[in-house]
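All ligand and atom numbering here is 1-based and tracks the order in the structure. Worth saying up front: this structure is predicted, and the values here are computed from it rather than measured.
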Amino acid sequence: MQELVERLRAARSVLVLTGSGISAESGLPTFRGVNGLWRTHRVEELASPQGFARDPQLVWTWYNERNAVHRRAQPNPGHYALASLEERYRDFTLATQNVDSLHLRAGSRNVLELHGALRTARCTGCDERIPIDSSGLALDRIEHTCGGRIRPDIVWFGESLPRNAWESACAAADRAEVIVVVGTSAVVYPAAALATRGRAFVAEVNPEETAISDRVDCVVRGTSAQTLPELIDRL
Ligand code: BV8
């Protein structure tokens, strides 16, 4: 961790990329872990355009459940540590694959939600955006007056990432002197490609090995809620 501390002290531009692991200590399940969502649910039927076309009520039932769990969860010390880290830099970007809004609730400001967020839904016909509160979307509201369907404003497999968020994340990766990758298995693209883009010093914070562990400059083996506050204390 000492080399990461020294690199962060000297850096003027920092990018942090997070995945579901940073929310694990807030009680939210990851995707590919032992009790991960992808292990206990039928991904193709729940998080894909085809699954939504086939059974939109099933998909909204699942996203309404996740939305309620997210709303009950609280940011953990890892989220707060990143909000504190952001205060130290004029040029700081937090690109997250998470849709739980916990970074925003922890006070992070320059957050790019690469895979969308559960706070809004959008119509497949007219693209109208609808805010989703803690009660989720009522199943009798899925059919929109324009003839389209209201869907989660989430990026499913085979779908492009939000253009602005993706382009901003790429630009941040290209100018960053340090990239910190936290709580992601780095198997989902193109988000994972941010980690090894550009010429930055790359550090990984994760209790386990990931798909990019052999390509980063520094590995901090530990959980984010434990290691990130320690990192901040040492800066
Ligand atoms: C795209 C929905 C261009 C949101 C998600 C065929 C056709 C099209 C595309 C592809 C294809 N084949 C491959 C692709 C690319 C595909 C992809 O990457 N597939 C992979 C699986 C091979 N990507 C896409 O489709 C993307 N779009 O390419 O568009 C395009 C467009 C059209 C046609 C062609 C191309 C879209 C990707 C987004 C998919 N949506 N989810 C939702 O429902 O939530 S992906 C899902 O995985 C989540 O978004 C999640 O964020 C993401 C990454 O997972 P992780 O966050 O890393 O979670 P995971 O469980 O894997 O890992 C957790 C980590 O945390 C572990 O390392 C663990 O050790 C660690 N951890 C645990 N506890 C802690 C911890 N770390 C720290 N502290 C702890 N306490």
* Asked: Nearest protein heavy atom to atom 30 (C) of ligand 1, by residue and atom, and its distance?
  -> Gly158 O, 4.3 Å

* Asked: Would you say the side-chain atoms of Glu204 pair up with the backbone N or O of Ile212, donor to acceptor, closer than 3.5 Å?
  -> no

* Numbered atoms and elements of ligand 1 in range of Glu25, under 4.0 angstrom, heavy atoms -> 78 (N), 79 (C), 80 (N)

* Ala47, any N or O under 3.5 Å of ligand 1 N or O -> no

* Considering heavy atoms of the protein only, find what lies nearest to atom 72 (C) of ligand 1 and give residue, atom and distance to 0.1 Å. => Gly21 CA, 4.0 Å

* With a 4.5 Å limit on heavy-atom distance, are the side chains of Arg141 and Ile130 in contact? -> yes

* Looking at atom 69 (O) of ligand 1, what's its closest protein heavy atom, distance included? -> Asn206 OD1, 2.7 Å

* Test item, Arg66 contacting ligand 1 (heavy atom, 4.0 angstrom) -> yes

* Structure fact -> for atom 53 (C) of ligand 1, nearest protein heavy atom and its distance come out as Gln97 OE1, 3.3 Å

* Provide the number and element of each atom of ligand 1 under 4.0 Å from a heavy atom of Gly19. => 56 (O)

* **Any protein heavy atom < 4.0 Å from atom 75 (C) of ligand 1** => yes

* Around atom 15 (C) of ligand 1, find the nearest protein heavy atom and jot down its residue, atom name and distance. => Tyr189 O, 4.1 Å

* For atom 40 (N) of ligand 1, find the nearest protein heavy atom and state the residue, atom name and distance (0.1 Å precision). => Val155 O, 2.8 Å

* With a 4.0 Å cut-off, would you call Glu177 and Arg7 a salt bridge? -> no

* Taking the side chain as C-beta and beyond, is there a heavy-atom pair between Leu235 and Arg88 under 4.5 Å? -> yes

* **Electrostatic pair Glu113:Arg119 at N-O distance under 4.0 angstrom** => yes

* Asked: Considering only heavy atoms from C-beta outward, does the side chain of Ser23 approach that of His79 to under 4.5 Å?
  -> yes

* Structure fact -> Hits for side-chain hydrogen bond (donor to acceptor under 3.5 Å, both in side chains) against Thr184, two or more places apart or cross-chain, chain-then-number order -> Gln97

